[in-house]
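Pasting a structure below so you can have a look.
When a residue number appears, it is its place in the shown sequence, counting from 1.
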Amino acid sequence: MERTYIMVKPDGVQRGLVGEIIKRFEQRGYQLMALELMHPTQQHLEEHYKDLAGKGFFAGLIKYMQSGPVVGMVWAGKDVVKTGRAMLGATNPLASAPGTIRGDFSLDVGRNICHGSDSVESAEREIALWFPRGVPEYKRDISVHGLIYE
């Protein structure tokens, strides 16, 4: 099964939206593989966001991401990277459709609740970065009995 990295950012944690985000992924049928409340270091965040290092907002992004804890999660399931991004909504919440996480809970691109991997390759890189001890494997009984997949 494909895996993705979803992170609830400090604004989402402080606003008490972690459970709602987990609920939406579980209701969709995705399997939670790992979850941890973390206080990332500047170095860790700079590695995670290294593709944005040349942008003018980079320093502010790192400062904001250190302003409180984040919740890192690994989700697994069919086409979870693409579908997970669709569930989160557009990076700019004002462009996000109602019913998406950002469309329902956020107004500002700089405080957009969550992060989701943008490709299978970046998901695996991010999972390795945020869960260096690895992610345990397990089978859900409902998947085995065909209640989610044909």
Side-chain angles (χ1 to χ4, degrees), residues 1-41 44-45 47-52 57 60-62 64-150:
M1 280 289 150
E2 188 175 285
R3 302 186 310 171
T4 194
Y5 178 70
I6 301 293
M7 176 171 47
V8 183
K9 296 177 179 179
D11 57 323
V13 174
Q14 293 295 328
R15 292 178 55 198
L17 296 173
V18 175
E20 177 67 28
I21 294 166
I22 291 170
K23 176 184 166 188
R24 289 184 183 210
F25 276 83
E26 285 186 328
Q27 285 180 331
R28 185 66 184 236
Y30 290 120
Q31 181 178 356
L32 181 62
M33 303 299 294
L35 178 141
E36 187 174 342
L37 181 73
M38 307 177 214
H39 297 269
T41 65
H44 196 97
L45 290 165
E47 177 63 24
H48 177 81
Y49 288 112
K50 67 183 177 184
D51 59 320
L52 302 174
F57 60 83
L61 172 64
I62 300 302
Y64 151 65
M65 290 298 294
Q66 284 191 283
S67 69
V70 300
V71 173
M73 297 178 280
V74 178
W75 290 92
K78 185 177 184 180
D79 209 17
V80 70
V81 172
K82 180 180 173 187
T83 304
R85 297 267 301 177
M87 291 170 62
L88 297 181
T91 301
N92 182 346
L94 296 178
S96 292
T100 65
I101 292 165
R102 291 175 177 145
D104 289 350
F105 300 113
S106 186
L107 293 171
D108 195 315
V109 70
R111 302 294 181 266
N112 65 3
I113 306 292
C114 45
H115 163 84
S117 301
D118 62 4
S119 69
V120 173
E121 297 76 25
S122 64
E124 291 303 322
R125 181 185 74 80
E126 291 170 355
I127 291 166
L129 178 66
W130 290 93
F131 291 92
R133 295 173 302 195
V135 175
E137 294 287 327
Y138 75 100
K139 297 277 187 203
R140 285 195 311 193
D141 195 47
I142 59 174
S143 295
V144 173
H145 294 290
L147 299 176
I148 295 177
Y149 302 109
E150 292 184 64

For Leu107 and Leu94 the tightest heavy-atom approach is O-CG, 3.4 Å
Is there a side chain to side chain contact (heavy atoms under 4.5 Å, CB included) between Lys82 and Thr4? Walk through the geometry before answering. CA-CA 9 Å; Lys82 180 180 173 187; Thr4 194; over 6 Å; no
Where do Val8 and Ile21 come nearest, in terms of heavy atoms and distance? CG2-CD1, 3.8 Å
With a 4.5 Å heavy-atom cut-off, do Glu36 and Trp130 have their side chains touching? no
Donor-acceptor contact below 3.5 Å, side chain Glu2 vs main chain Val120: no
For a 4.5 angstrom cut-off between non-hydrogen side-chain atoms, does Ile127 reach Glu124? yes
Please lay out, stage by stage, how Trp75 and Met1 fare under the test side chain to side chain contact (heavy atoms under 4.5 Å, CB included). CA-CA 10 Å; Trp75 290 92; Met1 280 289 150; over 6 Å; no
Can you tell me how far CD1 of Ile6 sits from CZ of Arg85, rounded to the nearest 0.5 angstrom? 8.5 Å
Heavy-atom check, side chain of Met65 versus side chain of Tyr49, under 4.5 Å: yes
Taking the side chain as every heavy atom from C-beta outward, state whether Asp11 and Asp108 have any atom pair closer than 4.5 Å. no
Glu47/Lys50 ion pair, N-O < 4.0 Å: yes
Please report the C-alpha distance between Glu126 and Met7 in whole Å, then the side-chain angles of each, then the deciding distance to 0.1 Å, and finally whether the side chain to side chain contact (heavy atoms under 4.5 Å, CB included) criterion is met. CA-CA 10 Å; Glu126 291 170 355; Met7 176 171 47; over 6 Å; no
With Arg24 via side-chain contact (heavy atoms from CB on, under 4.5 Å) - residues at least two apart: Glu20, Met87, Ile101, Asp104, Phe105
Under the 3.5 angstrom rule, does the side chain of Asn112 hit a backbone N or O of Thr91 as a donor-acceptor pair? yes
Does the side chain of His115 come within less than 4.5 Å of His48's, by heavy atoms? yes
Heavy-atom closest pair, residues Leu88 and Cys114: CD2-SG, 3.3 Å
Indicate the atoms forming the closest heavy-atom contact of Ala90 with Arg102, along with that distance. O-CD, 3.1 Å
Would a 4.5 Å heavy-atom cut-off, applied to side chains only, mark Gln14 and Pro69 as touching? yes
Flag the pair Ile113 / Arg15 as yes when at least one side-chain heavy-atom distance between them is below 4.5 Å, and no otherwise. yes
Heavy-atom closest pair, residues Tyr138 and Leu32: OH-O, 2.8 Å
Treating Gln31 as the side-chain partner and Ala76 as the backbone partner, does any N or O pair qualify as donor plus acceptor under 3.5 Å? no
Side-chain contact test, heavy atoms from C-beta onward, threshold under 4.5 Å: evaluate it for Tyr5 versus Arg125 and give yes or no. no
Rounded distance (nearest 0.5 Å) linking atom CD1 of Ile22 with atom CD of Gln27: 12.0 Å
For Glu137 versus Arg3, what's the shortest heavy-atom pair and its separation? OE2-NH1, 4.3 Å
